[in-house]
There are 2 protein chains.
Amino acid sequence: MNSKIPAPVAKRLALYHRCVITLLESGKELVSSNELGERLSLKSSQIRKDLSYFGGFGKRGSGYNLNYLKESLENILGINRPWNVGIVGAGNIGMALANYEGLLRDNYRVIALFDRNLSKWGTSVGSRRIPIIPIKEMCSKIEELSIEIGVIAVPAEYAQSIANRLMECKKIKGIINFAPVKIYVKNVDLEDVDISISFKALTFKIWSESLGKE
Amino acid sequence: MNSKIPAPVAKRLALYHRCVITLLESGKELVSSNELGERLSLKSSQIRKDLSYFGGFGKRGSGYNLNYLKESLENILGINRPWNVGIVGAGNIGMALANYEGLLRDNYRVIALFDRNLSKWGTSVGSRRIPIIPIKEMCSKIEELSIEIGVIAVPAEYAQSIANRLMECKKIKGIINFAPVKIYVKNVDLEDVDISISFKALTFKIWSESLGKE
DNA sequence: TAGATTGTTAATCGATTAACAATC
DNA sequence: TAGATTGTTAATCGATTAACAATC
């Protein structure tokens, strides 16, 4: 059933969710696939098709009820309930994520930072006072705090070994990898957030266009 | 000529570049498309095809010379010369990026942060003492410092207006958007780095698998 | 030369889009 | 009812993969 869903659909669903929230905040109650498509630079038929994988959320003649669509998308994306998140690496990126309110808004609760640097142990971060915990205690804390998502925010050379240790924690169901390196996982889901690749993809575009003009 | 290159190729080229550097550091001199494919979980034919868009970098019978491949990829990706980068928004994400050494390693030099908060003006960030400058002076500073890449690291509601102002700066060739919102640009290239969407895509995967098991 | 691996073509696969009947 | 918009099928498009001749 789920095996037939094209890979790019999940990210577009998240895009729809974001847009639906904006539309709701502006006081709207209905949206057509056409308007959604214009706002997101997507074809309306693609939006209807994406949504139809999960059932019919719309009403012929009028469009999609925004409240119902929002709730449906949250069910599909799994954010109708909170997820406990642990960040490994209390460096620049780890700290920025811990303080990032957008996550909490989407029901992702960062409740622990793990670091190997003993000078950071025992301190806490941000207004929510997220504790920094020694990496040695990572697995037991993940168990104790029911952390299901691990975020890798350590330098590239440590990323795989951290991933291995996260996979040993039975509670961990998914990993988000910010380290600029490919990591290999088993029995957990993985998403990469690739900052350096985005920069390179950008200069590739700039560069190839400037060559075309010559 | 460049119009025939599939969209996903650019990101894979950046992936190859990262892997080639790792291989070089390990002391290797040659790599086959097969080995590269295994390391990146890609088919060898895809790697050969991707590279062949830009010319023949390999040698039949032996594979690709790593040094030559690295240089070729850097030429293609446009990182054979430095790019000056300005970050708009000196919040958590902007600061983390300013301190992120990975960028400098790839020839991206963050040389200015722009913020509207006057209490931050005049201060500087990190070991490279990157100055924080009022947003009002953004356009003139971009001109003065020859900044070609603008990074949007402000809250979603300000992202589009910052993008508009960046587009008014003649020097700006590309924008990297970290704000969780779709922005519209004209005459500049755009890449999105989407943290919240990655989290949602991850829980979508976790969630849909757990439903499948029921 | 024999073995290995590229570069490239052609076949396959999968995702996007157009079109339209269903229906609000 | 007439107009609008969905849900879905079929057609199109584009990217990936397999296969193999070229060649180091």
Side-chain angles (χ1 to χ4, degrees), chain A residues 1-16 19-20 23 28-73 76 201 204-205 208, chain B residues 1-16 19-20 23 28-73 76 201 204-205 208:
Chain A
M1 167 211 184
N2 277 306
S3 53
K4 293 170 191 169
I5 294 166
V9 170
K11 294 207 167 169
R12 284 201 299 266
L13 292 173
L15 226 53
Y16 304 159
C19 195
V20 162
L23 287 164
K28 293 197 72 169
E29 290 190 356
L30 284 168
V31 72
S32 67
S33 57
N34 213 310
E35 179 173 358
L36 218 42
E38 267 172 29
R39 282 176 174 268
L40 298 169
S41 309
L42 296 170
K43 291 282 190 304
S44 65
S45 53
Q46 176 155 73
I47 290 169
R48 293 198 300 278
K49 180 139 234 290
D50 285 350
L51 294 174
S52 76
Y53 287 114
F54 307 93
F57 304 121
K59 211 176 206 169
R60 289 166 204 241
S62 60
Y64 298 86
N65 176 290
L66 281 165
N67 268 311
Y68 180 53
L69 185 55
K70 173 172 177 283
E71 268 178 40
S72 305
L73 286 169
I76 295 166
F204 169 77
K205 282 189 203 169
S208 55
Chain B
M1 167 212 186
N2 276 308
S3 54
K4 292 171 193 169
I5 294 166
V9 170
K11 295 206 167 170
R12 283 200 300 267
L13 292 173
L15 227 52
Y16 303 159
C19 194
V20 161
L23 287 164
K28 293 196 72 170
E29 289 191 357
L30 284 168
V31 71
S32 68
S33 58
N34 214 310
E35 179 174 359
L36 218 43
E38 268 171 30
R39 283 174 174 269
L40 298 169
S41 310
L42 296 170
K43 292 281 190 305
S44 65
S45 53
Q46 177 155 73
I47 290 169
R48 293 199 300 279
K49 181 139 234 291
D50 285 350
L51 294 174
S52 76
Y53 287 114
F54 307 93
F57 304 122
K59 213 175 205 170
R60 289 165 204 240
S62 59
Y64 298 86
N65 175 290
L66 281 166
N67 267 311
Y68 180 53
L69 185 55
K70 173 172 177 283
E71 268 178 42
S72 305
L73 286 168
I76 295 166
F204 169 76
K205 283 189 202 168
S208 53

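Atom set for the values below is all heavy atoms of this structure, side chains included, hydrogens, waters and symmetry mates excluded. Proteins come first, then strands; the chains are lettered A, B, ... in the order of their sequence lines, and each starts at number 1.
Here dC24(C) presents its C1' atom at 12 Å from CG of L30(A), a figure rounded to the nearest Å. Note: CD (Q46(A)) to P (dG14(D)) measures 14 Å, nearest angstrom. When rounded to the nearest whole Å, the span between NZ of K43(A) and P of dC13(D) equals 12 Å.
D50(B) places none of its side-chain heavy atoms less than 4.5 Å from the side chain of L42(B). In this structure, V31(A) and Y16(A) have side chains that are not in contact, with every pair of non-hydrogen atoms separated by 4.5 Å or more.
K43(A) pairs by the salt bridge (charged side-chain N to carboxylate O under 4.0 Å, His left out) definition with nothing, not counting sequence neighbours.
Across all strands shown, dT9(D) forms a Watson-Crick or G-U wobble pair with dA18(C), both key distances being under 3.5 Å. Pair assignment for dT23(D): dA4(C), on the basis of Watson-Crick or G-U wobble contacts that are both within less than 3.5 Å.
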Expected rows: protein N/O vs nucleotides 2-9 of chain C N/O, under 3.5 Å:
unit_1, atom_1, unit_2, atom_2, d
dT5(C), O4', G61(B), N, 3.1
dT5(C), O2, G61(B), N, 3.3
dT6(C), OP1, S33(B), N, 2.6
dT6(C), OP2, S33(B), OG, 2.6
dT6(C), O2, R60(B), NH1, 3.1
dG7(C), OP1, F57(B), N, 3.2
dG7(C), OP1, G58(B), N, 2.9
dG7(C), OP1, G58(B), O, 3.4
dG7(C), OP2, Y64(B), OH, 2.8
dG7(C), O4', R60(B), NH2, 3.0
dG7(C), N7, R48(B), NE, 2.9
dG7(C), O6, R48(B), NE, 3.2
dG7(C), O6, R48(B), NH2, 2.9

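Side-chain N/O atoms of R48(A) and S52(A) include no donor and acceptor closer than 3.5 Å.
Considering all non-hydrogen atoms of both residues, I76(B) and F204(A) come closest at O-CD1, 3.4 Å. In terms of heavy-atom proximity, F54(B) sits nearest to V9(B) at CE1-CG1, 4.2 Å.
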